[in-house]
Number of protein chains: 2
Amino acid sequence: MAKTQTRASYHHGDLPAALVAATFELVGESGLQDFSVAEAARRTGVSISAPYRHFADREELLAACAIAACQELKRRFDAELAGERTPAGQLSAVSAAYVRFAAEQRPMFEVLHGAGLDKTKHPALALAAIEALAAAEAAARKLTPTGSDEETGTLVQALTGLSQGHATLLLDGAFGDQPSAVDLAADRARAATAALLRGRSLLFAEPKAR
Amino acid sequence: MAKTQTRASYHHGDLPAALVAATFELVGESGLQDFSVAEAARRTGVSISAPYRHFADREELLAACAIAACQELKRRFDAELAGERTPAGQLSAVSAAYVRFAAEQRPMFEVLHGAGLDKTKHPALALAAIEALAAAEAAARKLTPTGSDEETGTLVQALTGLSQGHATLLLDGAFGDQPSAVDLAADRARAATAALLRGRSLLFAEPKAR
DNA sequence: GTCTATACGCGGATAGAC
DNA sequence: GTCTATCCGCGTATAGAC
């Protein structure tokens with residue numbers, strides 16, 4: 001009932017949101033490569049040209065999807081941050097949450113990192129990305145020697161890199177095909193983050209002369 | 001002269017290799033998304049149908065490119081391993097080398113990770129990937145508590161994840177646009193690897209109950 | 001705001017000649 | 001082993017009607 005109402009209202013309702021949802025569906029089924037505006041339109045039940053009333057082109061639709069992904073990510077990060085008390089615990093939990101996000105919302109992850117979106121062309125996306133990481137950044141700052149922006153950036157990049165890599169490996173199948181691979185990869189990311197934080201003094205040492 | 005010879009010999013010579021080279025060129029110019037067998041054929045100076053004598057389809061050509069990328073990677077890893085004496089130094093150097101590889105051979109990196117190749121469908125690729133990592137794995141084994149395969153795998157995955165993530169961030173522009181970003185990212189990967197190795201005892205602890 | 005119809009272009013892949 | 005020619009299908013984007 002509600003469903004029918006929602007569907008019927010697409011035509012005079014929230015077509016942009018419906019297209020975003022359809023995009024995630026399609027990416028989940030066939031990957032980002034095969035996604036097309038035309039297919040998203042068909043899936044939504046509107047004509048092929050309708051999307052262009054709301055999105056200038058294919059890229060703008062993907063950018064809208066990426067923003068939705070950032071918001072979901074922020075939601076998850078904030079939940080993890082609230083559940084831990086020490087900065088190290090918080091950051092390890094965020095790392096694990098990122099890996100879970102990649103697996104549980106794979107289409108979102110793909111759009112976020114595989115669509116080749118230029119953030120300078122989509123300021124709203126750049127903003128959403130910053131907001132997702134803001135709270136974690138504050139936790140990282142507490143674990144730096146002086147709390148400077150530079151040190152904080154260094155640490156955040158190291159942790160981001162570690163998490164990103166674990167997520168990528170998981171989706172590439174490096175942790176196996178079982179459903180439990182997600183738990184495994186998330187735990188590994190958590191442990192690796194903890195290990196990296198324990199040895200973090202090496203991050204702030206001067207790099208070797210070159 | 002030699003060039004002309006080479007070109008002239010494409011038609012009765014090593015067209016597969018020429019197509020692989022053309023593919024890397026194209027990916028470097030326009031990204032993996034826009035690559036097409038047709039364009040690779042044009043670039044190589046042969047007809048659109050010629051590639052299909054050597055590769056069953058587009059994916060097989062990409063798999064051949066991925067194998068070439070693995071070989072280049074192995075070459076770089078082996079060079080780094082020979083230049084350091086401690087396992088920790090070797091692994092840190094390998095991590096940095098991976099980041100450099102991503103930047104300096106970006107098309108290879110893209111094909112390796114963005115083509116969505118299923119290694120079970122391309123056994124030769126799976127083998128090449130294993131060979132690239134074999135020597136680094138031996139170094140990692142020396143840094144585990146008991147030297148078991150399980151512990152070694154855990155450590156290799158953590159380091160692989162860290163390196164992969166740093167490479168991805170670099171190509172995404174997270175380390176800036178300057179040419180020096182490559183050096184920066186490589187150093188960060190090296191330092192993060194060293195930090196992770198220093199704190200590695202946390203990797204081998206039992207994960208929390210869930 | 002959505003539809004129908006259309007212009008335009010490209011890629012994958014095959015058949016058959018040489 | 002390579003070419004020419006061709007079939008087939010798909011997607012992007014726009015124009016103009018409703």
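Residue numbers begin at 1 in each chain, while the letters A, B, ... track the order of the sequences. Only a predicted model underlies this, so the values are computations on that prediction, with no experimental measurement involved.
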Please write out each protein N/O paired with an N/O of nucleotides 4-10 of chain C under 3.5 Å, distance rounded to 0.1 Å.
from  : atom 1 : to      : atom 2 : distance (Å)
C:dT4 : O4     : A:Ser49 : OG     : 2.8

Whole angstrom value for the distance that separates P of D:dT12 from CG of A:Asp34: 11 Å

Nucleotide C:dA13, atom P - distance to CD of B:Glu60 in whole Å: 11 Å

Distance, rounded to the nearest Å, where B:Glu59 contributes CD and C:dG11 contributes P: 19 Å

Results of salt bridge (Lys or Arg N to Asp or Glu O under 4.0 Å) for B:Asp149 - residues two or more places apart only: B:Arg141

Rounded distance in Å - CG (B:Leu61) to P (C:dG11): 14 Å

Rounded distance (Å) that lies between atom P of D:dG11 and atom CZ of A:Arg43: 12 Å

Neighbours of DNA chain C within residues 26-33 of chain A, by heavy-atom distance under 4.0 Å: none

Contacts of A:Lys119 that satisfy salt bridge (Lys or Arg N to Asp or Glu O under 4.0 Å) - sequence neighbours left out: none

Partners meeting salt bridge (Lys or Arg N to Asp or Glu O under 4.0 Å) with B:Arg53 (sequence neighbours left out): none

Candidate pair A:Tyr98 and A:Thr160, rule side-chain contact (heavy atoms from CB on, under 4.5 Å), full reasoning: CA-CA 9 Å; A:Tyr98 185 69; A:Thr160 307; over 6 Å; no

Listed once per pair and sorted, the side chain to side chain donor-acceptor pair (under 3.5 Å) pairs that draw on residues 65-81 of chain B, sequence neighbours left out: B:Glu72-B:Arg75, B:Glu72-B:Arg76, B:Lys74-B:Asp78, B:Arg76-B:Glu104

Pair listing, salt bridge (charged side-chain N to carboxylate O under 4.0 Å, His left out) test, anchored in residues 107-116 of chain A, at least two apart: A:Arg106-A:Glu110

Under the side chain to side chain contact (heavy atoms under 4.5 Å, CB included) test, residues paired with B:Phe24 that sit two or more places apart: B:Val20, B:Cys65, B:Ala68, B:Pro107, B:Met108, B:Val111

A:Arg53 vs C:dT2: side-chain N/O to OP1/OP2 distance below 4.0 Å: no

With sequence neighbours excluded, residues passing ring-ring contact (aromatic ring centres under 6.0 Å, His included) with A:His122: none

Nearest-Å distance for atom pair CZ/C1', residues B:Phe55 and C:dG11: 18 Å

Residues that B:Asp57 engages under salt bridge (Lys or Arg N to Asp or Glu O under 4.0 Å), provided they are two or more places apart: none

Listed once per pair and sorted, the salt bridge (charged side-chain N to carboxylate O under 4.0 Å, His left out) pairs that draw on residues 18-34 of chain A, sequence neighbours left out: A:Glu25-A:Arg43, A:Glu29-A:Arg43

Gap between atoms CZ and P, on B:Arg58 and C:dG12 respectively (whole Å): 6 Å

Residue B:Tyr52, side-chain heavy atoms: nucleotide from C:dT14, D:dG11, C:dT2 that is nearest: C:dT14

Axial bend angle, the helix from C:dG1-D:dC18 to C:dC18-D:dG1: five-pair end segments, nearest 10°: 0°

For atom CD of A:Glu39 and atom P of D:dA13, their distance in whole Å: 16 Å

Worked verdict on A:Phe204 versus A:Leu155 for side-chain contact (heavy atoms from CB on, under 4.5 Å): CA-CA 9 Å; A:Phe204 306 116; A:Leu155 184 53; 4.3 Å; yes

